[in-house]
Amino acid sequence: MEPTREQKIWQVISAIPHGKVVSYGQVSDMAGLGRQARFVGRVLGMLPEDHTLPWFRVIRSNGQIAFPKDSSTFKRQVDLLSEEGVEVVNGRVSMARFGWQP
DNA sequence: AGTGTGACACCGA
DNA sequence: CTCGGTGCCACAC
């Protein structure tokens, strides 16, 4: 059967290189879905427990994390991002730039 | 079938 | 920077 939108989303996210962060819009665009950023977020929320997908590399277009600071999910994402070499300050990615080049 | 909501994005003021 | 409106898709009631 053909790849569903979810499959495309997973494919794109799994293709995100180490130390790189992308926005929902970027993912939707790379998946060929266009402006369906909402769908990306919904798919991530549906991820199974055995997912090995770098969802933490997916942030908002303005470089902000898609979770409240007091959320364990947020802290988990920040921790994982810092491991990737991405600095997160005040709930947003420092110097974010999605393809940035220092 | 219509309304409200959501891990969103873009535009204008 | 913040606020409001609009577009897109899927789901719950």
Side-chain angles (χ1 to χ4, degrees):
Chain A
M1 61 183 252
E2 350 181 313
T4 61
R5 298 186 185 82
E6 293 90 324
Q7 287 290 333
K8 293 178 182 174
I9 301 291
W10 300 332
Q11 181 66 59
V12 172
I13 296 177
S14 63
I16 302 174
H18 173 268
K20 171 86 171 280
V21 292
V22 296
S23 64
Y24 293 90
Q26 287 290 114
V27 175
S28 60
D29 183 45
M30 285 188 266
L33 302 178
R35 288 287 195 290
Q36 272 74 344
R38 248 176 166 142
F39 197 67
V40 178
R42 214 180 65 75
V43 170
L44 294 181
M46 280 177 117
L47 282 175
E49 307 173 359
D50 51 347
H51 70 66
T52 172
L53 210 58
W55 59 271
F56 50 85
R57 289 183 191 148
V58 184
I59 58 179
R60 293 196 184 186
S61 60
N62 66 338
Q64 188 168 358
I65 302 293
F67 287 106
K69 174 194 86 63
D70 50 342
S71 229
S72 58
T73 324
F74 173 88
K75 303 207 310 185
R76 195 148 38 226
Q77 182 164 14
V78 173
D79 185 53
L80 291 165
L81 287 175
S82 55
E83 292 283 297
E84 303 288 288
V86 179
E87 303 286 313
V88 179
V89 179
N90 193 13
R92 70 184 99 166
V93 177
S94 177
M95 300 181 189
R97 288 356 162 143
F98 311 75
W100 89 127
Q101 203 50 223

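Labels below follow one simple rule: chain letters A, B, ... track the order of the sequence lines, proteins then strands, and each chain is numbered from 1.
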Are A:L81 and A:I65 close enough, and set up right, to give a side chain to side chain contact (heavy atoms under 4.5 Å, CB included), and what steps lead you there?
CA-CA 11 Å; A:L81 287 175; A:I65 302 293; 4.0 Å; yes
I'd like to know whether A:Q26 forms a side chain to side chain contact (heavy atoms under 4.5 Å, CB included) with A:M30, so could you lay out the CA-CA distance, the side-chain angles of the two residues, the decisive distance to 0.1 Å, and finally the verdict.
CA-CA 6 Å; A:Q26 287 290 114; A:M30 285 188 266; 3.9 Å; yes
Step-by-step side chain to side chain contact (heavy atoms under 4.5 Å, CB included) determination, A:E84 to A:R57:
CA-CA 9 Å; A:E84 303 288 288; A:R57 289 183 191 148; 2.4 Å; yes
Intermediate values then yes/no, side chain to side chain contact (heavy atoms under 4.5 Å, CB included), A:V22 and A:V12
CA-CA 10 Å; A:V22 296; A:V12 172; over 6 Å; no
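Rounding to whole angstrom units, CG of residue A:L44 and P of C:dA10 are separated by 16 Å. For the pair A:Q26 CD and B:dA7 C1', the computed distance is 17 Å after rounding to whole Å. In this structure, A:R76 places its CZ atom 13 Å from C1' of B:dA7, rounding to the nearest Å. Spacing between atom CD1 of A:I9 and atom P of C:dC9 amounts to 13 Å, rounded to whole angstrom units. In this entry the distance linking CG of A:N90 with C1' of C:dC1 reads 13 Å, nearest Å. Distance CD (A:E6) to C1' (C:dC9): 11 Å, rounded to an integer number of Å. Between the CG atom of A:N62 and the P atom of C:dT2 there is a distance of 9 Å, given to the nearest Å. Straight-line distance from the CG atom of A:L53 to the P atom of B:dA7: 18 Å, rounded to whole Å.
A gap of 22 Å separates the C1' atoms of C:dG4 and B:dA7, to the nearest Å.
For B:dC10, the OP1/OP2 oxygens have a side-chain nitrogen or oxygen of A:S61 closer than 4.0 Å. Dashed line: the shortest gap from a side-chain N or O of A:Q36 to OP1 or OP2 of C:dC8 is not under 4.0 Å. A sub-4.0 Å separation between OP1 or OP2 of C:dA10 and a side-chain N or O of A:R5 is present. Between A:R60 and B:dC8 there is a side-chain N or O to OP1 or OP2 distance below 4.0 Å.
Nucleic acid contact class of A:F67 (heavy atoms, under 4.0 Å, all strands): base.
Here the side chain of A:S28 pairs a donor or acceptor atom with the backbone of A:G34 at under 3.5 angstrom.
The nucleotide whose nearest atom lies closest to any side-chain atom of A:R42 is, among C:dA10, B:dC8, B:dA7, C:dA10.
Ranked by how close their nearest DNA chain C nucleotide is to the 5' end, A:M46 and A:A37 are led by A:A37. If A:R35 and A:F39 are placed on DNA chain C by their nearest nucleotide, the residue sitting closer to the 5' end is A:R35.
Side-chain to base pairing of A:R38 with B:dG6: one donor and one acceptor N or O lie within less than 3.5 Å of each other.
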